[in-house]
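No experiment lies behind these values; they were computed from the predicted model shown.
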Amino acid sequence: MSQEKIDAYKKEKSGRKQAIAKHKKRVKIAKISGIIVAVAIVAAIVGGILWNNFGGSDSAAADASSVEVSVEAGAEDSAVESTEETSAEDGAAEASEADAGASAASSN
């Protein structure tokens, strides 16, 4: 081996214990933080389920508000549909008048 390679090997060997110790610390920190994140996610899911089942607002009030919203949305939908039907009828009437006018002009 050349002298450069020998020097690099000795330098790496002398710092090997510190490098291994740093690596072990990083792995331990990663494991602990991963466990904390997993526990937080599970707690959030369980808390949300429990809140929806036992806590929060009265379910009757929530149901009533959703019924009001759906009734209002239904009224708006029917108003839009009636407007579309009216405009379709107007378009059909204009088309029939145009056809009548065209047939009268061709007969002249």
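- For the atom pair CD of Gln3 and CG of Asp7, the computed distance is 4.5 Å after rounding to the nearest 0.5 Å.
- Within a 6.0 Å radius of CD in Glu4, no more than 12 heavy atoms belonging to other residues, nucleotides or ligands are found.
- No chain of hydrophobic side-chain contacts below 4.5 Å, direct or via other Ile, Leu, Val, Met, Phe, Trp or Tyr residues, connects Val46 to Ile41.
- Using a 4.5 Å cut-off between side-chain heavy atoms of Ile, Leu, Val, Met, Phe, Trp and Tyr, with links allowed through other members, Ile45 and Val37 fall into the same hydrophobic cluster.
- Nearest heavy-atom pair across Ser14 and Lys11 is OG-O, 2.8 Å.
- More than 12 heavy atoms of other residues, nucleotides or ligands sit less than 6.0 Å from atom CZ of Arg16.
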